[in-house]
Every structure is written in C-alpha cells, then in structure tokens.
Amino acid sequence: MFLFLRLEITFMVSNSNNDRRILLAHGSGGRMTQELIEEVFGTAFANPFLDRMDDAASLDLTGRIAFTIDSHVVSPIFFPGGDIGRLSLTGTVNDLAMMGARPLYISAGFIIEEGLPFQDLQTIVSSMQQAAAEADVEVVAGDTKVVERGAADGIFITTSGVGSIPAGIQISASGARPGDAVIVSGTIGDHGAAIISRRGGMDFNVELTSDCAPLGGLVADMLAASSEIHALRDPTRGGVAATLNEIAAASGVDIEIGEDLIPFQGEVRAACELLGLDPLFLANEGKLVAFVAQADAARVLDAMRRHPLGADACIVGSVAAAERDHCRVFARTVLGSRRILSMPSGEQLPRIC
Amino acid sequence: MPLSFLDDFRRGDHVRALMNRLEKSAAALERPVRIMEVCGTHTMAISRHGIRQALPPNLKLISGPGCPVCVTANSDIDTFIEMALLPGVIATTFGDMLRVPGTRMGLAEARGRGARVQIVYSTLDALRLARENPESKIIFFGIGFETTAPTIAAAIAEASSSGLDNFLVLSAHKTVPRALTALCSTPELAVDAFLCPGHVTAMIGPHAYDAVVADYGLPCVIAGFEPADILQSLIMLCGQLAVGRAEVALQYTRGVRPDGNPTAMALLHQVFSPCDAEWRGLGVIPGSGLAIRDEFAAHDAARHFQVDAGYSHEPRGCLCGAILTGLKTPGECGLFGKACTPDHPVGPCMVSSEGTCAAYYLYETNDVL
Amino acid sequence: MCLAIPAKIVSIDNQRATVEVGGLTREASVVLLPDAGLGDYVLMHAGFAISLVDEDEALETIRLFEQLAGGSFLGEGPSETGLDGLSPGGTGLDGLSPAE
Ligand code: SF4
C-alpha cells in the first residue's frame with residue numbers, strides 16, 4: 001500500500017514536470033510494461049524477429065556458432081564517445097568478433113532503477129540500435145525489469161549474442177605461438193581515460209572520448225588478408241596489460257612488447273601523467289590485440305590500416321617460447337632493459353603520490 | 001603531441017648515453033655502494049623504466065620511506081576509518097589510500113559497510129564537495145609530505161576564510177628532513193648516499209639536507225623523476241663517492257629554486273605546527289608530523305570527532321618496517337607474492353602502487369626475488 | 001612521494017589558472033605560487049602549481065645530454081648547475097667530473 005502510494009505521487013510529480021521517469025510499474029508486466037516496450041524498444045529495434053513478439057526469436061543458423069554474454073554496469077552511464085547502450089552492444093559484438101565469428105544476433109536484458117528519466121532510456125536504446133546498425137547485427141530478443149531506487153545504479157544492461165564462425169577459422173586465446181607478431185589496432189587507453197576523467201570530476205576542458213566501436217568489420221578484413229591469425233582479444237577491463245597476460249597464460253608463451261611502440265593519443269597520455277595512471281592498464285572498447293604469424297604480419301597490418309577502426313594499427317611486440325614454467329609478459333623500456341608487465345590489480349584510481 | 005619537459009627527459013639516445021657514462025663512473029668506485037632513493041615516486045620511476053635491472057652490478061638502489069601511504073601508521077588509518085563510518089560524514093582522500101588495510105578493515109571495506117568514501121584528485125575537489133553538501137561533514141585524510149601538505153594547508157585556510165565549517169582535515173602529514181636524520185642515526189642502516197626527492201625539495205629547498213651531509217657525511221643529490229634525471233643523479237653521486245666527498249648537489253635544476261617555495265612553506269607553517277608523528281616501520285619520530293594549529297581548530301577532525309579507534313597494531317609477518325629503512329628487500333619477506341599481493345595486500349608497502357613491495361611486484365618480478 | 005608534472009599556464013585570473021598538458025587543460029590553483037604568470041611552465045601537484053619550471057635550466061640540461069649522446073662532451077669545460085655553492089661536482093657530466 002505504502003509502495004503504491006509512493007509510486008502514485010512520483011508519477012504525478014513527474015507528469016507535472018513533463019519529465020517522465022521509469023517507474024516500478026513499467027516493469028510489472030502490465031499495461032505500462034507493454035507501453036514501454038512498444039514506445040522504446042519496439043520502435044528502436046524494429047526487425048522481423050522482434051516484431052513477431054514471440055517468447056523467443058527463431059533463427060536459422062548453420063555451421064559453427066560463437067555464443068557469448070556480457071553484463072555492463074558502467075558509471076557514468078553517459079560518457080564522451082558513447083553510453084551504456086552503445087557499450088553493451090559493442091562489448092558483445094566484439095567478443096564474438098574475437099573468435100573470428102561474424103556477429104549476427106543479439107539479445108538484451110535491461111535492469112532499470114526506478115526514476116531513470118524516460119528520455120535517458122530512449123537515448124540509450126537508440127544508441128544501442130545505432131551501434132547494432134554499424135555492426136550489422138539485429139537485436140532479436142529482450143527483457144526489461146525495473147528495480148527500486150538504490151537497487152541498481154541507473155541502468156544495467158546484459159547482452160548476449162551469437163555469430164557464425166566461417167569454415168576453417170581457428171582463433172583462440174590459446175592460439176598464440178612463438179614467433180607471432182603482436183599487433184594492436186590503434187591508440188590505447190582511450191575508453192578508460194574518458195571514464196576516469198569523467199568520474200573523478202577531473203574537469204579537463206578537452207573531452208577525452210571513448211573509442212567504443214564494434215570491431216566485426218575490422219576482423220573480417222583481417223581474416224580476408226590472412227589465414228594465420230592465431231589469437232585475437234579486445235583489451236577491455238584491465239587493458240592491454242591484462243590481455244597480454246591472459247593470452248600468454250592461455251597459450252603457454254612469453255610475450256615481449258616495446259614500450260615505445262605502443263600508440264597513444266597525446267591527451268590520454270597527458271591525463272595518465274596527471275593522474276598517475278598507466279595507460280596499459282586502462283580499458284579499451286574499440287581496439288583489439290592480434291597475434292599473427294610473422295610472415296603474414298605486414299599483410300594483416302596493411303589490411304587493418306585500410307579500415308577506419310584500424311588506421312593507427314601497429315606491431316608492438318612478439319611472442320617467444322616461455323623461458324620458465326610460467327608465462328610472462330615483458331616490456332622493453334627506453335633503457336633497453338626488460339621489466340615485467342603484470343596483471344593490473346584493482347580499480348585504477350587517480351593518485352597524487 | 002610531445003609532453004614538454006617530460007618527453008625531453010625520456011629520450012632513448014640520451015638515456016643510453018647516460019647509462020654508458022654511469023657504467024664508467026661506477027667502474028671508478030673502489031667498492032660496491034648502496035644508494036637509497038628516499039622517494040616513492042622515484043621507486044616507481046626506477047621500476048617502470050627498468051633502471052634497477054640495467055645498473056652496473058656494484059651499484060645497488062634501495063627504496064626508502066618516501067611513500068606517504070606506506071609510512072602512515074595503522075593507528076591513523078584506523079582513526080580515519082572510524083570517522084568515515086560516522087553518520088553524516090563524507091570521507092575524502094587520495095586514490096592510493098582506498099585499498100590500505102587498517103588493523104580491522106580498510107577504507108574499501110568501510111565503504112562496503114555504508115561509509116561514504118570519495119576519492120579526490122585535489123583538496124580543491126574536497127572543498128567543492130563541502131560547498132555542495134552543507135548538511136554533511138567532509139573529512140579529508142591529509143597524508144603526504146611537504147609537497148602535499150601546503151595544498152592541504154591552502155584548503156584549510158580557504159575553508160577558514162570562507163566560513164566553510166563542514167570541511168575538516170585529519171592530519172597525518174609527515175616531514176622529510178627529520179625522518180632522514182632519524183634514518184641516518186639507525187645503527188644498522190647500510191646506505192652510502194641518498195637520492196633526494198625533487199618535488200619535496202621544490203618546497204623545502206636544497207639546504208634542508210645540509211644536516212645529513214654535515215652530521216653523517218652522506219652525499220645527497222636532489223633528483224628529478226624522469227629516467228635521464230635519475231641516471232644523471234646517480235652519476236653525480238658516484239662522482240662524490242669516488243673521491244670521498246659528501247655534499248648536497250642539485251640535479252633537478254629546472255624544478256628546484258635555491259630557497260624552495262617560501263610562499264608554500266609559509267602557508268604550511270601558518271596552518272600546521274610540528275608534532276611528534278608515528279611512522280610505520282620507523283616508530284615515533286619527534287617533530288616529524290604536522291598538527292593543525294589552534295587558530296584552525298574548527299577544521300581539525302581529530303579535535304572535532306573524539307573517536308576511539310581501539311587497539312591498533314601492524315600486520316603480522318610483514319617486513320614493511322625493515323623494508324622502509326632499507327634493511328630488507330621485499331624478496332626477503334615470506335609473505336611477498338604469496339599471502340601478500342597487490343590484490344590482497346598485507347602491508348601498506350604492497351598497497352600503494354609506489355610502495356616498495358608493489359613496485360617490485362608490478363614491475364620487476366612475478367617470481368620470488 | 002609526490003607526482004608533479006610540468007604544465008603550461010594558458011590563462012590566469014587571480015589565484016585560479018588554467019593549465020595545459022599535452023593538449024589537455026584543467027583548472028589549477030596558483031595560491032602557492034603567486035609569481036606564476038601567463039605562459040609559464042609550472043609543476044602541478046594535486047591541482048596546485050607548486051614550482052616554476054625554469055626553462056633555461058631545462059634546456060641547459062637537455063643540451064648536456066645532447067652533447068653526451070653526440071660524443072662531443074669531453075672537450076667541454078665545467079658546466080654551471082645554476083645553484084652556486086651547492087654543487088661543486090657540477091652536473092656530474094662535465095669533463096672535470098671526479099669519476100673521469
Ligand atoms: S610483501 Fe607484504 S607483508 Fe611483506 S613486507 Fe611487503 S607489504 Fe609487508
């Protein structure tokens with residue numbers, strides 16, 4: 001009863017401001033849920049699968065399928081270069097692409113905190129659709145729940161996706177081999193720097209922009225250029241440092257990169273210097289790291305550079321047989337000495353000391 | 001875009017030429033020498049640029065007590081956490097403090113238990129929070145040496161003059177010269193020379209080290225933080241050691257004035273007065289802390305909140321104390337890399353990314369040293 | 001101990017300045033450095049300008065490195081560090097360095 005009363009009041013206040021907000025009733029499964037679905041999701045994602053309003057999408061898929069899921073809880077939900085909608089779509093598309101798969105269909109679950117402005121949800125959903133169009137995928141199933149204020153931070157989005165793996169493609173985190181070249185597809189740390197500078201109230205007058213973008217097209221071009229791409233990964237949380245350590249461990253190899261070979265945006269580097277952060281530990285949302293047979297490296301690099309999302313691609317290091325019984329990642333410093341590049345630990349926080 | 005006055009001091013050709021020169025300088029030494037880098041930011045730079053691995057074998061760099069997080073005593077951390085858990089309080093501090101474990105819990109855990117903890121980049125941000133949240137008390141955990149303390153003094157002075165009564169500071173600041181002389185008087189200390197902190201010196205001025213040279217005969221070079229700066233400073237130290245001379249010399253000429261920063265030091269002394277302070281690993285060093293003066297008592301969290309943090313003790317098995325004085329290296333700690341890692345730090349030397357143990361772990365080894 | 005990086009003052013109004021680092025600008029307080037002026041490089045620590053970067057000294061240091069790297073170094077006389085009395089050993093790089 002109390003709850004009901006509170007909701008009514010919220011609703012009236014909201015209406016009088018002409019500032020509509022998501023209410024618990026929007027997730028109740030009743031009339032308001034229906035309205036929400038039609039008004040927001042149905043319009044944005046309109047496609048034959050979704051329009052049927054069945055309990056599940058029925059899809060024709062043949063051959064080997066890549067299937068993945070990813071939850072997104074970014075704060076703030078809007079950031080320069082994207083928002084949680086774009087992020088949640090590209091995150092899953094990129095995971096599929098890193099298997100060499102062609103991303104096809106996406107499903108999305110929304111957990112919304114009551115009180116989220118209706119307009120915000122609309123913006124998030126339309127940027128999700130925009131990213132889906134860029135990635136050439138369709139959102140074919142969805143679900144929405146509304147939780148009480150405080151039970152979520154604005155909105156959480158979980159997406160899962162399927163993609164088809166072309167015949168003959170064998171790409172895996174365990175596929176890197178001694179002798180492979182390590183290629184990154186562009187400047188490092190852009191997303192993480194954008195988020196941290198926003199979150200920390202850093203007030204940089206130049207906005208750092210997230211690199212959030214779907215990588216399926218870039219991967220397709222790479223695969224067309226070479227059949228010797230052994231491993232791919234998008235260096236999201238934990239950044240390039242985490243990705244290299246994961247690949248080294250999964251493949252049983254050592255990896256060495258040259259610090260001076262890593263491409264950075266000037267502003268990102270400046271922000272990292274100011275805040276005491278290491279860009280190699282910062283998240284990327286539109287970049288990949290590729291492990292390619294040395295003989296094909298130049299060809300793959302060339303194909304990448306011709307794609308807009310790979311224009312700044314470069315070779316940053318190489319893979320070697322593991323020197324010890326556990327695998328390590330080294331960075332060659334300006335002095336020419338090697339230091340260990342370890343997994344980042346914990347949250348990256350601005351430091352002054 | 002190149003970063004002015006940063007990239008210039010990281011150039012590969014310069015750094016390699018300096019390393020060659022350092023090898024020659026070190027070859028002229030009659031015996032192996034141990035140089036202590038006092039400052040944690042030097043520790044980080046040395047690790048990050050792989051300097052330790054590249055040094056001539058008769059030159060050993062050991063890390064000193066210059067990480068403000070590492071030297072903060074558990075009792076201060078415990079007190080701040082008790083304050084953070086009070087209702088109506090927003091606890092603010094610099095990023096490095098968040099993961100520091102106290103006797104019973106760390107700040108991150110206090111946050112999990114409902115404390116409002118906000119990481120800020122500057123006291124200016126904490127002041128802004130105080131203005132935006134007049135109904136809350138904003139407590140800033142003041143840590144750091146003479147570089148940072150004036151920025152906290154500036155915030156206290158501003159809060160005082162603008163009547164921002166909900167801005168309070170728990171001062172756990174430390175001062176460097178006292179600690180250095182205390183360190184020098186440790187009988188077991190096996191250090192031949194000091195690499196002194198450029199940014200602290202930008203405030204206190206180069207003469208602050210005169211006593212180290214006069215009373216203990218240990219060479220001091222005030223160094224910048226880029227690889228070329230550090231290598232040049234080591235060359236300068238080798239030069240002094242080779243002829244048995246001990247002087248205060250300045251490598252970081254672009255950043256340090258002969259009289260330091262008198263404005264900043266005046267503000268520091270206007271707001272703070274010297275007090276005894278407990279340093280983790282070094283114990284209580286008389287006169288090495290900074291207490292908020294009576295005139296600014298309204299902004300002193302220690303006076304405003306009479307919290308009882310209970311019994312504080314240092315983590316068991318942790319060698320931070322000996323590591324901070326240069327008597328042990330992280331590899332000699334039985335917990336290093338096993339029970340104690342950056343993800344699960346036992347001692348503060350692992351918590352702060354510039355802590356000696358963290359710097360060794362992050363940049364130098366995944367193995368036992 | 002203390003991270004501080006060089007930033008250029010691009011505007012200044014009383015105790016507030018806007019500083020620029022590598023194309024990025026943000027606010028800084030110059031309350032600790034009242035002499036700082038437009039166009040100066042300052043060391044920024046935790047949102048405060050704490051010291052002027054002496055550009056001549058910086059260029060002098062770079063010039064020394066340049067000579068060392070170029071091999072033209074040994075013929076040079078002793079160089080000044082800019083702080084007399086403090087540093088009889090000079091930069092440690094000059095031809096009179098005791099290590100020679
Ligand atoms: S490794 Fe951990 S427990 Fe050991 S001295 Fe360092 S911080 Fe303390």
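Remember, it's a predicted structure, so these values are computed and weren't measured experimentally. Sequence lines set the chain letters: A, B, ... in the order given, protein chains first and strands last, and positions in each chain run from 1.
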Here the salt bridge (charged side-chain N to carboxylate O under 4.0 Å, His left out) pairs for residues 174-194 of chain A, sequence neighbours left out, are A:Asp190-A:Lys287
Do side-chain atoms of A:Ser337 reach the backbone of B:Ala54 as a donor and acceptor pair under 3.5 angstrom? no
For residues 105-115 of chain B, please give each side-chain donor-acceptor pair under 3.5 Å, one per line with the distance, not counting sequence neighbours.
{"from": "B:Glu109", "atom 1": "OE2", "to": "B:Arg113", "atom 2": "NH2", "distance (Å)": "3.4"}

Can we say A:Arg269 and B:Asp7 salt-bridge, meaning some charged N sits less than 4.0 Å from an Asp/Glu carboxylate O? yes
Scanning both residues in full, the closest heavy-atom pair of A:Val334 with B:Pro227 reads CG1-CG, 4.2 Å
>> Counting only heavy atoms from other residues, nucleotides and ligands, does the tally under 6.0 Å from CZ of A:Arg237 exceed 12?
In response: no
TODO: Given side-chain contact (heavy atoms from CB on, under 4.5 Å), test A:Leu335 with B:Leu231 step by step and report yes or no.
DONE: CA-CA 10 Å; A:Leu335 267 172; B:Leu231 293 174; 3.8 Å; yes
The interface call for B:Leu98 against chain A, heavy-atom contacts under 4.5 Å, is side chain
Is the shortest side-chain heavy-atom distance between B:Tyr361 and A:Ile340 below 4.5 Å? no
Applying a strict 4.5 Å limit to non-hydrogen atoms, the region of A:Glu273 in contact with chain B is side chain
**Q.** Steps toward side-chain contact (heavy atoms from CB on, under 4.5 Å) verdict (A:Leu274, B:Tyr121)
**A.** CA-CA 10 Å; A:Leu274 263 171; B:Tyr121 166 69; 3.5 Å; yes
Rounding to 0.5 Å, atoms CD (A:Glu259) and CZ (B:Arg48) come to a distance of 6.5 Å
